[in-house]
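Numbers restart at 1 for each chain; the letters A, B, ... are given by sequence-line order, proteins then strands.
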Amino acid sequence: MSSVRIVLPDNSVKNFDHEPTVLEVAQSIGPRLANDTVGGLIDDNPEVVDLRTKLKDGTRLKIVTTKSPESLEVIRHSAAHLMAQAVQELWPDVKVTIGPVIEDGFYYDFDSPRSFSPEDLEKIDKKMAEILKRDDPVVREDWPVEKAISTFEKMGERFKVELIRELEAKGEKTVGIYRQGENWFDLCRGPHVQRMGQIAATKTLSIAGAYWRGNEKNPQLQRIYATAFNSKKDLEEYLKNLEEAKKRDHRKLGKDLGLFYFHQYAPASPFFAPKGTVIYNQLQNFIREKYIEYGYEEVITPQMFDVDLFHQSGHYENYRENMYFSHVDDRDFSLKPMNCPAHCLLYQAERKSYRDLPWRIADFGRLHRYERSGVVHGLTRVRTFCQDDAHIFCRVDQLQQEIGGFMKMLDEIYKTLGMSNYVIYLSTRPAQRMGADELWDKAEGALEQALKSLNLSYTINPGDGAFYGPKLDIMFVDALKRPWQLGTLQVDFNLPNAFQLGYVGEDNKEHRPVMLHRAILGSLERFIGVYLEHTSGHLPTWLAPVQVALMTVTDRQLDYARDLKNKLRELGIRASLDERGEKLGYKIREAQLQKIPYMLTLGDKEMQNQTVSVRLKGGQVLDALPFATFAEKLLIEIQERRLESVFQTGPNLNQEAHNSSV
RNA sequence: GCCCAUGUGGCUCAGGGGUAGAGCACACCCUUGGUAAGGGUGAGGUCGUGAGUUCGAGUCUCACCAUGGGCUCCA
């Protein structure tokens with residue numbers, strides 16, 4: 001018999017007289033390794049294979065153990081089976097469907113006659129722990145399709161039967177069955193652990209409704225989200241991160257910092273309080289400065305239009321579901337859900353020459369979109385909002401340069417805001433779209449070429465484009481590594497057609513411009529929500545609603561404090577003075593919780609010397625310095641939109657401690 | 001829109017058929033205190049809305065509204 005050679009990562013070779021499984025290779029190396037084995041990585045394939053996989057001659061194998069990061073996928077997959085087993089042991093009438101691994105965990109969709117409650121999750125956790133203790137071996141069997149169908153049919157597992165029939169239609173003759181313990185098995189292609197005991201830590205997380213195969217028309221199932229880790233420590237760390245994310249929830253921060261509110265009389269429509277409005281306006285000012293720098297002109301366009309406009313633009317046909325309509329004086333109107341049709345009208349208002357292009361017009365117009373009740377969320381998904389929206393009308397040969405200019409502007413803005421971590425997606429034509437395929441080819445090609453010439457890496461998102469054109473989506477990755485879609489650039493050959501837009505070329509002939517839709521922050525509302533979570537409310541001073549909180553040690557210094565407050569305000573610095581007869585420590589605590597960047601504590605010493613004592617929000621206290629010096633330095637920090645305090649001298653040791661104590 | 005949960009003073013929450021409770025915030029009084037909560041007194045609520053059951057409904061039932069977690073969809 002010819003020998004089968006398996007190559008290990010250190011290039012050593014193991015010889016077998018048959019095609020060994022991953023586990024057999026591990027056993028040939030050592031019992032400890034074999035005990036911990038949960039799968040293998042073969043050749044250069046990133047996907048973990050089952051430890052029961054038979055390996056061909058010449059395979060390069062890296063064994064995945066419970067200690068390798070790759071094992072998480074296997075462990076979570078098995079944990080999904082574990083959870084399904086636990087649920088069926090608790091409630092035998094519950095039917096199983098599918099249970100995939102997702103980022104940070106897994107879920108399992110159940111078809112259950114009764115709804116799961118939070119108490120049920122506790123029961124499931126207990127049952128899972130109980131099953132883990134049994135440490136049942138996991139065995140793979142290959143069943144002929146007919147046997148699988150008849151078995152699951154007898155069990156009443158109709159969703160499993162549906163899945164097997166699909167596999168059969170694809171030409172499969174056998175299907176994989178994983179058996180754990182005596183009585184429980186599930187259809188699965190693997191990979192799975194050797195023994196259930198290899199799953200070190202699991203925890204159910206939440207209950208949700210979900211449709212079979214993600215389709216609204218299918219039966220609704222009950223999804224249980226859960227996670228599993230290689231060690232109890234990793235699980236605890238993960239749960240701690242979840243807590244951290246909860247603390248940073250922008251809805252909570254918005255309320256705690258007095259930034260914005262909601263009311264049931266205007267669902268999903270934020271009320272920005274004075275403090276929130278400061279952030280809103282500061283961001284707008286910042287973007288406006290960039291507009292001047294990058295050759296944009298700002299415009300103001302109407303809020304409500306005759307519906308005919310949206311017939312012409314195609315929005316009525318493609319976007320009606322999300323639009324607000326009203327009927328007045330026997331005419332149909334709609335609140336604009338986007339600025340672009342209005343900008344096309346404005347483009348037409350004056351005859352354009354090739355010399356006028358590129359024509360870049362920006363609009364902070366308020367938009368209204370009817371979002372379905374279940375999808376709205378804090379500031380990140382609202383029904384009325386304002387984008388840092390602009391449209392660029394240009395010639396096809398200017399496209400590359402405009403895309404380049406956009407990416408540069410975006411990078412500058414994001415860097416200033418401390419958001420250097422972002423990724424680019426290129427979204428291509430969706431199924432429901434307008435315009436000829438040649439136009440789509442052209443538009444998609446232009447975007448891709450621009451990215452390549454800028455040396456920017458990107459990922460293609462097939463079918464995710466807008467109905468009028470392909471787009472670049474900029475995903476910002478926040479401090480907790482969560483991606484958010486903010487910026488976008490969409491190439492549109494269709495709207496200029498719909499509005500018959502034209503310009504007179506050098507050749508004195510009529511040409512059609514290309515239209516770019518673009519935004520950098522996305523919407524101010526969503527941006528503020530995302531940014532609050534990114535910074536956990538610790539805004540750079542130029543954005544902070546209150547920049548300086550003045551506080552006196554006793555009433556004796558009140559006049560001095562009032563004088564300083566006025567001086568700061570004259571300089572355009574947002575200062576507040578707490579005149580209540582509370583103790584200094586009390587006022588500091590309040591300013592700290594409000595995340596105010598600077599506190600000026602004023603006692604007799606300061607008053608006599610005309611100085612201020614500066615306390616940074618991290619807790620660091622500086623030596624008293626003349627008021628003028630303080631104001632001068634602070635102005636620089638604000639005007640230059642610095643991310644770090646100009647007064648910060650060393651690493652801020654207090655910040656962490658304070659953050660965790662409140 | 002769909003599934004599930006929640007809705008009690010400005011905020012965070014207790015109370016689960018017999019006519020509303022706490023802490024914080026707010027007002028006033030005492031305290032004038034030097035870097036994260038000094039003490040006292042007081043005011044504040046048609047218990048999301050509307051029907052129903054009941055002698056009696058925050059409390060039970062139903063409908064609606066809003067919010068939250070998901071699904072689907074998106075800036």
Side-chain angles (χ1 to χ4, degrees), chain A residues 107 109 112 114-118 120 205-225 249 251-252 255-256 258 261-268 319 321-322 337-338 367 369-383 385-389 464 466 471 473-474 484-488 490 517-527 529-530 551-558 580-593 599-606 613-617 619-622 624 654 657-659 661-662:
Chain A
Y107 65 79
D109 284 347
S112 168
R114 53 183 286 279
S115 302
F116 294 117
S117 68
D120 290 341
L205 298 171
S206 60
I207 313 158
Y211 300 100
W212 171 238
R213 321 221 99 172
N215 187 329
E216 272 185 278
K217 296 190 176 77
N218 285 341
Q220 180 128 20
L221 306 170
Q222 294 200 55
R223 174 170 300 178
I224 299 180
Y225 284 91
D249 189 320
R251 292 165 301 186
K252 179 171 159 43
K255 213 181 268 179
D256 290 349
Y261 301 92
F262 290 90
H263 193 278
Q264 54 173 327
Y265 284 168
Y319 205 71
E321 303 296 298
N322 289 298
M338 315 184 159
L367 307 179
R369 297 184 188 174
Y370 177 75
E371 298 290 353
R372 299 202 289 171
S373 62
V375 308
V376 297
H377 177 93
L379 286 184
T380 56
R381 193 77 181 275
V382 292
R383 289 185 177 149
F385 58 100
C386 152
Q387 297 177 316
D388 59 327
D389 193 17
D464 212 28
K471 56 182 183 172
D473 284 322
I474 316 300
W484 301 92
Q485 203 222 301
L486 299 173
T488 181
Q490 308 173 355
H517 309 249
R518 40 108 300 159
I520 285 175
L521 302 182
S523 82
L524 272 300
E525 283 75 6
R526 169 181 284 176
F527 181 83
V530 170
M551 48 197 76
T552 58
V553 178
T554 76
D555 291 351
R556 284 192 301 279
Q557 301 89 24
L558 268 179
R580 290 173 309 171
E582 299 289 352
K583 284 193 176 176
L584 184 62
Y586 186 91
K587 294 177 192 169
I588 286 172
R589 178 184 152 81
E590 285 210 329
Q592 191 75 47
L593 292 174
M599 289 167 231
L600 297 187
T601 53
L602 308 168
D604 286 335
K605 271 185 292 177
E606 287 80 4
S613 282
V614 182
R615 186 188 204 272
L616 309 188
K617 69 178 166 192
Q620 193 180 350
V621 179
L622 308 178
N654 287 323
H658 282 307
N659 282 348
S661 71
V662 286

Do A:Arg526 and A:Leu486 come within less than 4.5 Å of each other through their side chains, counting heavy atoms only? yes
Watson-Crick or G-U wobble partner of B:G21, both distances under 3.5 Å: B:C13
Would you kindly give the OH-to-P distance between A:Tyr211 and B:C73, to the nearest whole Å? 11 Å
OP1 or OP2 of B:C26 less than 4.0 angstrom from a side-chain nitrogen or oxygen of A:Arg580, does that happen here? yes
Given the rule in the salt bridge (Lys or Arg N to Asp or Glu O under 4.0 Å) test, do A:Arg589 and A:Glu582 qualify, once you have shown the distances and angles that lead to the verdict? CA-CA 11 Å; A:Arg589 178 184 152 81; A:Glu582 299 289 352; over 6 Å; no
Polar pairs (N or O, both sides) under 3.5 Å between protein and nucleotides 63-67 of chain B?
| from | atom 1 | to | atom 2 | distance (Å) |
| --- | --- | --- | --- | --- |
| B:U67 | OP1 | A:Ala268 | N | 3.3 |

I want to confirm an ordering. Mapping A:Tyr225 and A:Ser523 to their closest nucleotides on RNA chain B, which one lands closer to the 5' end? A:Tyr225
Searching all strands shown, indicate the nucleotide that pairs with B:G45 (Watson-Crick or G-U wobble; both distances under 3.5 Å). none
Look at A:Gln485 and B:A75 and indicate whether a side-chain polar atom (N or O) is within less than 4.0 Å of OP1 or OP2. yes
Any-strand Watson-Crick or G-U partner of B:U6, both distances under 3.5 Å: B:A66
Polar atoms only, N or O, under 3.5 Å: list the protein pairs with nucleotides 37-39 of chain B and their distances.
| from | atom 1 | to | atom 2 | distance (Å) |
| --- | --- | --- | --- | --- |
| B:A37 | N7 | A:Arg589 | NE | 3.4 |
| B:A37 | N7 | A:Arg589 | NH1 | 3.1 |
| B:A37 | N6 | A:Arg589 | NH2 | 2.2 |
| B:A37 | N1 | A:Arg589 | NH2 | 2.9 |

Considering only heavy atoms and no angle criterion, is a donor-acceptor pair shorter than 3.5 Å present between the side chain of A:Arg381 and the base of B:C73? yes
Close side-chain approach of A:Glu606 to A:Gln557, heavy-atom, < 4.5 Å: no
